[in-house]
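Position 1 is the first residue of the sequence, and the numbers go up from there. This structure is a prediction, so every number in the text was calculated from the model and none was measured.
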Amino acid sequence: MAGLVPPVTTTIPADASKTKKADEKTDYMNLPCPIPFEEIHREALMSLKPETFEGLRFDFTKGLNQKFSLSHSVSMGPTEIPSQSAETIKIPTSHYEFGANYIDPNLMLIGRVLTDGRLNARVKWDLTDNLTVKANAQLTNEPHMSHGMFNFDYKGKDYRSQFQIGNGALFGASYFQSVTPHLSMGGEVFWAGQHRKSGIGYAGRYETDKMVATGQVASTGMVALSYVQKVSEKVSLASDFMYNYMSKDVTASVGYDYILRQCRLRGKIDSNGCTTAFLEERLNMGLNFILSAEIDHKKKDYKFGFGLTVG
């Protein structure tokens with residue numbers, strides 16, 4: 001008899017899911033925590049500002065244990081020197097850099113020493129789940145060129161705040177708040193006592209699963225807009241617009257970020273005619289090959305580089 005009873009079917013209206021989403025209301029007391037104020041353009045920067053170089057570069061990293069590692073870096077290539085002429089003047093240079101890294105879940109220490117006498121140091125220490133202290137310093141033989149900076153970052157439930165202090169009587173503070181599940185807004189202020197300059201800025205960021213749009217304006221004259229469209233999991237298209245209403249300088253650029261199984265390709269072209277391409281190819285586990293190219297027809301400046309990264 002069980003085989004003779006017809007199965008019971010339940011008909012779900014086609015617009016039931018739409019009605020459910022329409023009935024859902026945004027819980028403004030449970031908004032996500034935004035990204036730090038200083039990183040609001042990070043998706044656009046990843047596509048439009050790759051770390052291009054000229055000449056040869058070789059990087060080697062050796063892990064001594066799970067937390068401590070040593071790094072060696074050799075670079076050979078021309079360096080631009082200041083000139084009053086329209087032509088770009090370059091001189092051949094070479095550098096060796098030794099580094100030591102200590103990475104722990106709550107503490108990160110990074111140090112770099114170069115043959116030209118420069119010393120770079122970075123510290124990131126998570127005092128609590130919400131409070132992080134960061135420090136950056138660069139020491140050099142050139143007078144008045146050494147600098148240091150301390151950052152205190154606080155991560156709230158739906159906001160982030162930061163306080164900065166640096167040499168030269170530099171003080172800064174920023175605040176970034178989630179307004180909706182997709183929109184975040186905030187501002188920053190700074191005071192440079194050594195140069196007797198101050199400024200204030202405002203920024204907004206709108207983010208979904210497929211796109212990221214950001215806008216930033218400051219009293220220094222800077223206006224920055226960026227947009228990133230995630231075409232797929234592997235392909236992203238990006239564009240930005242930079243304008244200074246005091247100096248009247250305008251720059252716009254478009255670029256792409258293509259992630260394949262064995263490589264990553266990034267490139268851009270801007271309104272000044274400068275074209276950039278950057279390729280990272282994984283040859284084997286822990287072995288990467290890098291190609292870098294930048295062509296500026298306006299300045300007649302052409303940069304090509306290749307490198308290897310081991311470790």
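Between Arg266 and Glu280 there is a salt bridge, since at least one side-chain N of the basic residue sits less than 4.0 Å from a carboxylate O of the acidic one. Using a cutoff of 4.0 Å between basic side-chain nitrogens and carboxylate oxygens, Glu39 and Arg160 are not scored as salt-bridged.
The backbone N or O of Asn272 sits less than 3.5 Å from a side-chain atom of Asp270, completing a donor-acceptor pair. Formation of a donor-acceptor pair under 3.5 Å by the Asn167 side chain with backbone atoms of Gly148 is found in this model. The main-chain N or O of Ser247 is found under 3.5 Å from a side-chain atom of Asn244 such that the two form a donor-acceptor pair. Panel note: side chain Gln262, backbone Leu283; no donor-acceptor pair is recorded below 3.5 Å. Side-chain atoms of His182 come within 3.5 Å of backbone atoms of Glu207 as a donor-acceptor pair (strictly under, hydrogens ignored). Remark: the backbone N or O of Asp59 is not paired with any side-chain donor or acceptor of Thr309 at under 3.5 angstrom. Using a distance-only test at 3.5 Å, with no hydrogens or angles considered, no donor-acceptor pair links the side chain of Ser71 to the main chain of Ala100. One N or O on the side chain of Ser271 and one on the backbone of Ala252 form a donor-acceptor pair closer than 3.5 Å.
In this structure, Lys300 places its NZ atom where only 12 or fewer heavy-atom neighbours from other residues, nucleotides or ligands lie under 6.0 Å away. Residue Tyr202 qualifies as open at atom OH: its count of foreign heavy atoms under 6.0 Å is 12 or below. Within a 6.0 Å sphere centred on CZ of Phe150, heavy atoms belonging to other residues, nucleotides or ligands number 12 at most. Atom OH of Tyr258 has 12 or fewer neighbouring heavy atoms from other residues, nucleotides or ligands inside a 6.0 Å radius. Atom CG of Asp27 sits in a crowded spot, with more than 12 heavy atoms from other residues, nucleotides or ligands closer than 6.0 Å.
By the 4.5 Å heavy-atom criterion applied to side chains, Thr132 and Lys124 are counted as neighbours. Looking only at side-chain heavy atoms (C-beta outward), Val254 and Leu237 stay at 4.5 Å or farther from each other. Arg282 places a side-chain heavy atom less than 4.5 Å from the side chain of Asn288. Between Leu114 and Asn120, the closest side-chain pair of non-hydrogen atoms falls below 4.5 Å. At least one side-chain heavy atom of Gln164 sits less than 4.5 Å from a side-chain heavy atom of Gln162.
Between Tyr243 and Tyr245, the ring planes lie tilted relative to each other; the angle falls in the 30° to 60° range.
Between Lys90 and Tyr302, the shortest heavy-atom contact is NZ-O, 3.6 Å. The shortest heavy-atom contact between Asn101 and Arg112 is OD1-NH1, 2.8 Å. In terms of heavy atoms, Leu107 sits closest to Val123 at CD1-CG1, 4.5 Å. Phe53 and Ser292 get closest at one heavy-atom pair: N-OG, 3.2 Å. Contact record, Pro105 with Asp126: O-OD2, 3.6 Å, taken as the closest heavy-atom pair. Shown here for Ala203 and Phe176, the closest heavy-atom pair between the two residues is O-CE1, 3.9 Å.
Met29 is not connected to Tyr159 by any chain of hydrophobic side-chain contacts under 4.5 Å among Ile, Leu, Val, Met, Phe, Trp and Tyr, and they are in different clusters. Hydrophobic clustering (side-chain heavy atoms under 4.5 Å, transitive across Ile, Leu, Val, Met, Phe, Trp, Tyr) groups Val250 together with Leu225.
Lys268 NZ to Lys49 NZ: the interatomic distance, rounded to the nearest 0.5 Å, is 4.0 Å. Interatomic distance, OG of Ser219 versus CD of Glu188, reported as 9.0 Å (0.5 Å rounding). Note that CE of Met222 and CE of Met246 are 11.5 Å apart. Values are rounded to the nearest 0.5 Å. One finds the OG1 atom of Thr276 at 9.0 Å from the NZ atom of Lys303 (value rounded to the nearest 0.5 Å). Atom-to-atom distance recorded for Phe163:CZ and Ser174:OG is 11.0 Å, nearest 0.5 angstrom.
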Begin from the C-alpha positions of Arg264 and Asp257 and carry the test salt bridge (Lys or Arg N to Asp or Glu O under 4.0 Å) through to its verdict. CA-CA 7 Å; Arg264 181 177 185 178; Asp257 190 350; 2.6 Å; yes
